[in-house]
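The structure appears below as structure tokens.
Chain naming here is simple, since letters A, B, ... match the order of the sequence lines and numbering starts at 1 in each.
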Amino acid sequence: MRLSQILIQTLREDPADAEIPSHRLLARAGFIVKTAAGVYTYSPLMWRVIKKFAQIVREELDREGANEVMLPIIQPKELWQASGRWDRYVADGIMFTLKDRKGSEMCLGPTHEEVMTDFVSSQVNSYKQLPVNCYQIQDKFRDEIRPRFGLMRGREFIMMDAYSFDADQAGLDEAYQKMRNAYCRIFDRCGVDYTVVQADSGAIGGAGSEEFMVIADAGEDAILFCRESGYAANVEKATSRLPDAPPGGEPKPMEKLATPDVKTVAQLEAFFPDWPAGRMAKTVLYKATWADEEKLVAVMQRGDLEINEVKLVNALDALAVDLASDEDIVKATGAEVGFAGPVDLPDDVVLLADESLRDRTNLLCGCNETGYHCLNVNLGRDARMPEFRDLRLAKAGEGCPISGKPLEEARGIEVGHIFKLGTKYSAAMGATFMAQNGKPTPFAMGCYGIGVSRTPASAVEQHHDDKGIVWPVPIAPFECVVAFLDKKRGEQIELAEKIYAQLGEAGVEVCLDDRAMSPGAKFKDHELIGLPVQVFVGRKASEGRVELLVRKGLAKVECGVDEVVGKVLAALGR
RNA sequence: CGGGCCGUAGCGCAGCUUGGUAGCGCGACUGGUUUGGGACCAGUAGGUCGGAGGUUCGAAUCCUCUCGGCCCGACCA
């Protein structure tokens, strides 16, 4: 391929709207061009990258017996109503909805559980046809509340989504493990540094899930991990050993004391020097939303710990929780913000508490009276006994739940997510097969996603320097470029053409930079574009000598024409 | 959806406070000279200043509304 024939337009300056390295470099090197907020055009070079990554995905999934299909982008409302997700996705605002000529409501697919379940259900009647695993690589549409970071969080993006269908849980477990293995091979092959972490299932639902995280500062997720035990989890899901707190001792009589303007744990610690935060219980009011109602929920947490809202949503089986407004708090508790507590809490407010408060005695809490707190509160005696759940936000430095060693924290970009859905969708949609026992049985499903446009962006996030992109070989748009430097020197052009042909014959994915640019411009361009190996044919062409540059590290060596092919292959690790 | 900010040539920006002929750099095009780190010289093209309304003799500039975009937060496969 000749670069003179490929549409390439690099920019001299950084685009104004790019913040993180991958967005900045992909835009500046001309790989992506913004069409609208969160909507990008992939230029020829980017499309080569996407296709190469997608090919790796295909090979590894096919090896596990998955079938590639293509599902429709436009989906009818009815399917989403059948699974019960239409209202939630519309309410969350991420669904692109539209109406056809007749007024029927449709949506642009944000994900394809419904369509795939419907499809497989229509094709599979008997357990004898199971297991089945189908996937597609296709655009997804989500009207993100805040698209950002280029390809990292777009509104239209490319995703591989696979769905497994099994007769029972054992089959699902096996399908899940096969996909997990395939995912590891995929991310190993494409040269990114990743970690598999335990994850919350979120809007997709289901019993268990794991995320594949590319470690990078720009990551939108925080993960906690332990080198000792291998434990790793998204902070939304993570647990840790409960940090110690001073014991409360034998129950004492409750006292109510005036605490004017003392509203936060920090202020309470200052006001009561003898009471560490670990002996306090804070009470936070949330507005929880379900499909058919909203309620105020009081959540108690030990004073030195924080509440994990994802765990709270799960504990309540709610769609969402938001901190209650000041007005709602006053209305519900009768006290100003900062004085809520379990003591004299109105009965209509649900009361939950974190496990860290179980069996704790003589707590310091609010009592729903402005300007007062209570000392020596004992739950069940001085206040309702709350329902105890794990609602604690785990933090770096706390003990690993397995090894007890301090957890470390890192940022991660979610490039893959695998779920055991179980029968959530199949049961809701009546997707059944005839089981061996002669009874209609819902499929045990798994679903598996890979961000096909996001993964290359995350690779750039990990592999770049101050000059530009440093593509990992397996997903680079080309493995090697051969460039002559002076278009007026026939011997340079001739030699470049010869080397280009030889590399092609040697199986190297090579391009020829035959553009009429000055040498400096070519050097800069290739540093920016980031092809792994670069061969420059310059002023020593007449002596049969050229320069070979390895983009990673920018090491440049001179060599003779006869050695070039061998050296390029070696640089590519072959 | 809250808070902050920005829309002026393909890209990056100045001009706006204090209203008076729309500018700079890069890029593009033409010609010439160049050819090892985004070359140089000369010339050319390209903007209803996001849109609508208003104030004014006169609006990129002031006012109102609106659309689009960016950042922080909330939220999110």
Side-chain angles (χ1 to χ4, degrees), chain A residues 9-20 23-24 27-30 33-39 85 88-89 91-95 109-113 140-150 152-155 157-162 199-206 209-213 220-221 234 236 287 289 309-310 313 319-323 325 413-419 421 447-452 454 467-468 483-489 492-493 515-529 536-541 546-547 549 554 556 558:
Chain A
Q9 183 59 52
T10 57
L11 301 174
R12 182 84 68 117
E13 291 169 281
D14 286 337
D17 60 355
E19 293 281 310
I20 63 171
H23 185 192
R24 185 168 52 79
R28 196 174 147 216
V33 177
K34 186 166 73 176
T35 301
V39 180
R85 289 208 296 179
R88 175 166 185 178
Y89 271 69
D92 284 353
I94 65 167
M95 187 92 99
T111 175
H112 283 72
E113 280 80 8
K140 294 279 185 289
F141 299 84
R142 295 183 191 174
D143 195 0
E144 291 288 347
I145 295 166
R146 186 174 164 204
R148 60 180 142 182
F149 296 156
M152 289 296 181
R153 184 160 295 278
R155 295 194 295 170
F157 57 99
I158 304 172
M159 183 167 164
M160 184 294 296
D161 47 324
D200 181 67
S201 305
I204 298 286
S209 76
E210 290 173 291
E211 288 167 332
F212 287 70
M213 292 286 191
E220 293 185 279
D221 292 282
N234 191 309
E236 294 177 347
K287 186 181 73 179
T289 308
E309 294 184 2
V310 173
V313 167
L319 295 178
V321 295
D322 289 295
L323 281 176
S325 66
I413 299 164
E414 181 188 347
V415 291
H417 200 158
I418 56 180
F419 301 77
L421 295 177
C447 81
Y448 316 88
I450 289 178
V452 173
R454 181 187 277 185
K467 300 282 199 296
F484 54 76
L485 295 176
D486 185 345
K487 67 175 187 289
K488 286 194 178 158
R489 297 282 177 177
Q492 289 190 19
I493 296 176
R515 296 175 300 170
M517 293 165 67
S518 70
K522 281 195 180 182
F523 290 138
K524 293 284 190 201
D525 234 25
H526 287 298
E527 281 165 356
L528 182 60
I529 292 168
F536 294 107
V537 182
R539 55 168 67 123
K540 288 198 177 170
V546 299
E547 277 164 7
L549 180 139
L554 291 172
K556 203 183 237 187
E558 190 182 296

Taking atom C1' in both B:rA59 and B:rG53, what distance in whole Å separates the two?
13 Å

Main-chain N/O of A:E414 paired with A:R454 side-chain donor or acceptor, under 3.5 Å:
yes

Using a 4.0 Å heavy-atom cut-off across all strands, classify A:T10 as base, sugar-phosphate, or nothing.
base

Treating primed atoms plus P, OP1 and OP2 as sugar-phosphate and everything else as base, which nucleotides of nucleotides 66-72 of chain B get B, S or - for protein heavy atoms under 4.0 Å?
---SSBB

A:F157 CZ to B:rA77 P: how many Å, rounded?
11 Å

Atom CG of A:L11 to atom C1' of B:rG12: distance rounded to whole Å?
10 Å

Checking base pairs now: Watson-Crick or wobble, both atom distances under 3.5 Å. What partners B:rG25?
B:rC11

Strictly under 4.0 angstrom, non-hydrogen atoms only: write out the protein contact profile of nucleotides 23-33 of chain B, one letter per nucleotide from the 5' end, B, S or -.
--BSS------

Integer angstrom distance from the C1' of B:rC6 to that of B:rG27:
23 Å

A:K487 side chain, from C-beta outward: closest of B:rC75, B:rA77, B:rU34
B:rU34

Interatomic distance at P, B:rC40 relative to B:rU35, whole Å
14 Å

Can you tell me how far P in B:rA52 sits from the matching atom in B:rU18, rounded to whole Å?
26 Å

Has A:Q492 got a side-chain atom pairing as donor or acceptor with A:L485's backbone, closer than 3.5 angstrom?
yes

Using modelled atom types and a 3.5 Å cut-off, is there a donor and acceptor pairing between side-chain atoms of A:K522 and backbone atoms of A:F484?
yes

Is the side chain of A:R155 donor-acceptor paired with the backbone N or O of A:A37 at a distance under 3.5 Å, no angle test?
yes

Proximal nucleotide (of B:rG37, B:rG38, B:rU35) relative to the A:P519 side chain:
B:rU35

Are any non-hydrogen side-chain atoms of A:I20 and A:R148 less than 4.5 angstrom apart?
no

How far does the C1' atom of B:rG68 sit from the matching atom of B:rU8, given to the nearest Å?
15 Å

Classify the side chain of A:E144 and the base of B:rA77 as holding, or not holding, a donor-acceptor pair under 3.5 Å.
yes

Hunt down the Watson-Crick or G-U wobble partner of B:rC49, both distances under 3.5 Å, from any strand shown, or write none.
none

Using the C1' atom as the reference point in each nucleotide, state the distance between B:rU33 and B:rA14 in Å, no decimals.
33 Å

Are any non-hydrogen side-chain atoms of A:D17 and A:K34 less than 4.5 angstrom apart?
yes

Can you tell which of B:rA77, B:rU35, B:rG38 lies closest to the side chain of A:R28?
B:rG38

Using only modelled atom types and a 3.5 angstrom limit, is any donor from either the side chain of A:K556 or the base of B:rG37 paired with an acceptor on the other?
yes

Non-hydrogen side-chain atoms of A:L549 and A:L554 separated by less than 4.5 Å
yes

So which nucleotide does B:rC57 pair with, by the Watson-Crick or G-U wobble rule with both distances under 3.5 Å?
B:rG20

Roughly how many Å apart are B:rG20 and B:rA60, using the C1' atom of each and rounding to a whole number?
13 Å

For B:rC1, give its Watson-Crick or G-U wobble partner with both distances under 3.5 Å, or none.
B:rG73

Can you tell me, in whole Å, how much space there is between the P of B:rC11 and that of B:rG73?
28 Å

Side chains of A:D161 and A:K140 in contact at under 4.5 Å (non-hydrogen atoms)
yes

Strand partner of B:rC40, provided both Watson-Crick or wobble distances fall under 3.5 Å:
B:rG32

